Structures are given as structure tokens and as C-alpha cells.
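Following: one structure in C-alpha cells, then a few remarks.
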Amino acid sequence: MFVAFVIVTLVAVAANAVESVANFAGAAWVKANSRAVGVPDSWLPFLGVVKGAAALGLASGFFWRPLGIAAAAGLVVFFVLATALHVKERVFHNFHGPLLFLALSVATLWLMLSA
């Protein structure tokens with residue numbers, strides 16, 4: 001169980017760190033995905049901060065579990081809302097993104113709580 005916790009958490013940290021950097025860099029694919037669901041480009045730096053803080057919080061969970069749990073729970077909420085926004089706006093061509101991140105966040109939270 002501990003090995004799964006480490007692997008899943010490291011994948012979640014890496015994925016959210018990449019997303020954070022892409023938000024700050026204003027990557028074309030990030031802008032396209034955000035615009036598709038009605039999120040303005042001006043929000044990208046804030047979303048980058050959120051995802052970067054979550055990545056740091058998850059990594060901190062290796063040393064202080066409550067912070068990791070809080071970060072994982074925050075990501076679950078974030079990606080539930082992202083998934084709901086995709087459904088609301090009927091944007092399904094990139095629906096796999098928030099679903100994948102949601103599944104990864106739920107798995108990380110579950111492993112943080114049980115490992």
C-alpha cells in the first residue's frame with residue numbers, strides 16, 4: 001500500500017506541477033482548453049498558483065500527512081468543479097483531462113488517508 005501511495009502521489013505532484021507551469025507560461029493548449037469552457041486567460045496565473053500550491057502540498061504530505069490530505073482534498077474539489085464546468089458548457093472534446101486529474105486526485109486522497 002505504501003508503494004502505491006508513493007507512486008500515485010509522485011504522479012499527482014508531477015502532473016499538477018506541469019499544469020502549473022503550463023498555466024504560467026500561457027501554453028496554447030491551456031488557453032484553448034480554458035477558453036472552450038469560458039475561463040478567461042486572465043485567470044491562468046491564479047490557476048497556476050492553485051495547481052502549484054497543490055503540488056507542493058501533496059509533496060509535503062510525505063513529511064506532514066495533514067497538509068498532503070488537505071492538498072488532495074482541495075484538488076478533488078477543484079477537479080469536481082472543472083468536470084462540472086465541462087458538462088455545463090457541453091465541452092466534451094477534452095473531457096478526459098479533468099476526469100483523469102479527478103481520478104488521480106481521488107486516488108491520492110484515498111491513499112493519503114489509508115497508507
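Quick caveat, the model's predicted, so the values are computed rather than measured.
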Original post:
Hey, any chance Val37 and Phe78 share a hydrophobic cluster, counting ILVMFWY side chains that come within less than 4.5 Å of each other, even indirectly?
Top reply: yes
**OP:** Please name the pair of heavy atoms, one in Ala54 and one in Ala71, separated by the smallest distance, quoted to 0.1 Å.
**Re:** O-CB, 3.8 Å
Original post:
Same cluster for Leu102 and Val11 if Ile/Leu/Val/Met/Phe/Trp/Tyr side chains link at under 4.5 Å?
Top reply: yes
Subject >> Considering all heavy atoms, the nearest Ser60-Leu67 contact >> reply: CB-CD2, 3.5 Å
**OP:** Kindly indicate whether the side chain of Leu99, heavy atoms from C-beta on, has any atom under 4.5 Å from the side chain of Phe79.
**Re:** no
Subject >> Residue pair Val6 / Phe62, side-chain heavy-atom distance below 4.5 Å >> reply: yes
Mind listing the side-chain donor-acceptor pairs of residues 106-115 below 3.5 Å, one per line with the distance, residues two or more places apart or on another chain?
{"residue": "Thr108", "atom": "OG1", "partner": "Leu104", "partner atom": "O", "Å": "2.7"}
{"residue": "Ser114", "atom": "OG", "partner": "Trp110", "partner atom": "O", "Å": "2.8"}

Original post:
In terms of hydrophobic clustering (I, L, V, M, F, W, Y; side-chain heavy atoms under 4.5 Å; direct or indirect links), are Leu100 and Val80 co-clustered?
Top reply: no
**OP:** Kindly compute the distance separating CZ (Phe101) from NE2 (His96), expressed to the nearest 0.5 Å.
**Re:** 10.0 Å
Original post:
Which pair of non-hydrogen atoms, one from Ala22 and one from Trp29, has the smallest distance, and what is that distance?
Top reply: CB-CZ2, 3.5 Å
Original post:
Asn94: what forms a side chain to side chain donor-acceptor pair (under 3.5 Å) with it, not counting sequence neighbours?
Top reply: Asn33, His86
**OP:** Taking the side chain as every heavy atom from C-beta outward, state whether Leu85 and Leu81 have any atom pair closer than 4.5 Å.
**Re:** no
Original post:
Is Ser20 reaching over with its side chain to a backbone N or O of Asn16, donor-acceptor style, under 3.5 angstrom?
Top reply: no
**OP:** Taking the side chain as every heavy atom from C-beta outward, state whether Leu58 and Leu75 have any atom pair closer than 4.5 Å.
**Re:** yes
Original post:
Are more than 12 heavy atoms from other residues, nucleotides or ligands located less than 6.0 Å from atom CZ of Phe92?
Top reply: yes
Subject >> Side chains of Asn23 and Trp43 in contact at under 4.5 Å (non-hydrogen atoms) >> reply: no
**OP:** Would you kindly confirm whether Val13 and Ile69 end up in one hydrophobic cluster when ILVMFWY residues are joined by side chain heavy atoms under 4.5 Å apart?
**Re:** yes
**OP:** Taking all heavy atoms of Ala55 and all of Ala17, pick out the closest pair and write down the distance.
**Re:** CB-N, 3.9 Å
